[in-house]
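Each remark here refers to the structure printed beneath this line.
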Amino acid sequence: MDNHEVELTKIVNTEDKDKLISMLVKARISYLEKWERVSFFKRREYNGQKEVCVIYVNENQKEQADDIYNSFMGIKKNSVQED
C-alpha cells in the first residue's frame, strides 16, 4: 500500500461496498479495497463476519471522499427508515 493512502471506512456488507465504490468511481476518486480477517473476539463489532473490507483513498482526495461517504450514509439511513 502506498504511503499516500488513508482509510475511508470499513464495510462488511458487499452490496453497500459496491454502491460506495460506484459513487467513488463516478466522482473519479481513486481507491484501494483490501479485505482483512477479523479476529474471533472482534467479530461482534462486525455482525459476526470473518472478514471486513477496508476502503482506502488517496490523501489528496480524502475530503471529497468523505463528502461522498457522508452522502452514502445519508442515503443508506434514509432507505432503512423507509423500509
Side-chain angles (χ1 to χ4, degrees):
M1 182 168 54
D2 191 354
N3 291 338
H4 301 285
E5 302 295 325
V6 292
E7 183 179 314
L8 178 63
T9 188
K10 293 181 180 184
I11 298 180
V12 293
N13 184 320
T14 56
E15 187 176 309
D16 288 345
K17 175 193 68 81
D18 292 341
K19 288 177 185 176
L20 177 58
I21 287 175
S22 176
M23 291 173 75
L24 292 172
V25 169
K26 285 179 184 176
R28 297 179 175 238
I29 295 176
S30 62
Y31 71 93
L32 172 66
E33 172 184 328
K34 184 177 177 187
W35 286 89
E36 295 180 353
R37 270 188 84 57
V38 177
S39 75
F40 178 77
F41 299 105
K42 290 191 175 190
R43 288 185 186 166
R44 179 177 270 170
E45 296 174 33
Y46 299 103
N47 298 325
Q49 297 294 320
K50 294 180 182 181
E51 290 185 318
V52 62
C53 180
V54 183
I55 298 177
Y56 297 90
V57 295
N58 186 288
E59 66 184 0
N60 295 329
Q61 296 176 310
K62 177 74 163 99
E63 188 173 323
Q64 186 181 5
D66 282 337
D67 291 342
I68 289 171
Y69 177 72
N70 291 334
S71 172
F72 167 74
M73 292 305 290
I75 291 168
K76 184 177 171 186
K77 181 179 177 183
N78 289 336
S79 70
V80 169
Q81 289 177 350
E82 291 174 6
D83 291 342

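Hydrogens, waters and symmetry mates are skipped; everything else that's a heavy atom, side chains included, is used. One is the number of the first residue; the rest follow in order along the sequence.
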Using every non-hydrogen atom in the two residues, find where [X] and [Y] come nearest and quote the distance to one decimal.
X: R37; Y: R43; result: NH2-NH2, 3.8 Å
X: Q64; Y: A27; result: NE2-O, 3.6 Å
X: V38; Y: Q49; result: CB-O, 3.7 Å

Measure the [atom1]-[atom2] distance between [X] and [Y] for me, rounded to the nearest 0.5 Å.
X: E7; Y: I55; atom1: CD; atom2: CD1; value: 9.5 Å
X: E45; Y: S39; atom1: CD; atom2: OG; value: 8.0 Å
X: Y46; Y: I11; atom1: OH; atom2: CD1; value: 11.5 Å
X: E63; Y: I29; atom1: CD; atom2: CD1; value: 10.5 Å
X: L24; Y: L8; atom1: CG; atom2: CG; value: 6.5 Å

Is any side-chain heavy atom of [X] closer than 4.5 Å to a side-chain heavy atom of [Y]?
X: Y56; Y: V6; value: no
X: E5; Y: N58; value: yes
X: V57; Y: L32; value: no
X: D16; Y: F72; value: yes
X: C53; Y: K10; value: no
X: E33; Y: I21; value: yes
X: L20; Y: Y31; value: no

Donor-acceptor contact below 3.5 Å, side chain Q61 vs main chain R28
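Yes; at least one donor-acceptor contact below 3.5 Å.
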
So does E36 have more than 12 non-hydrogen atoms from other groups sitting under 6.0 Å from CD?
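It does: E36 CD has more than 12 such atoms within range.
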
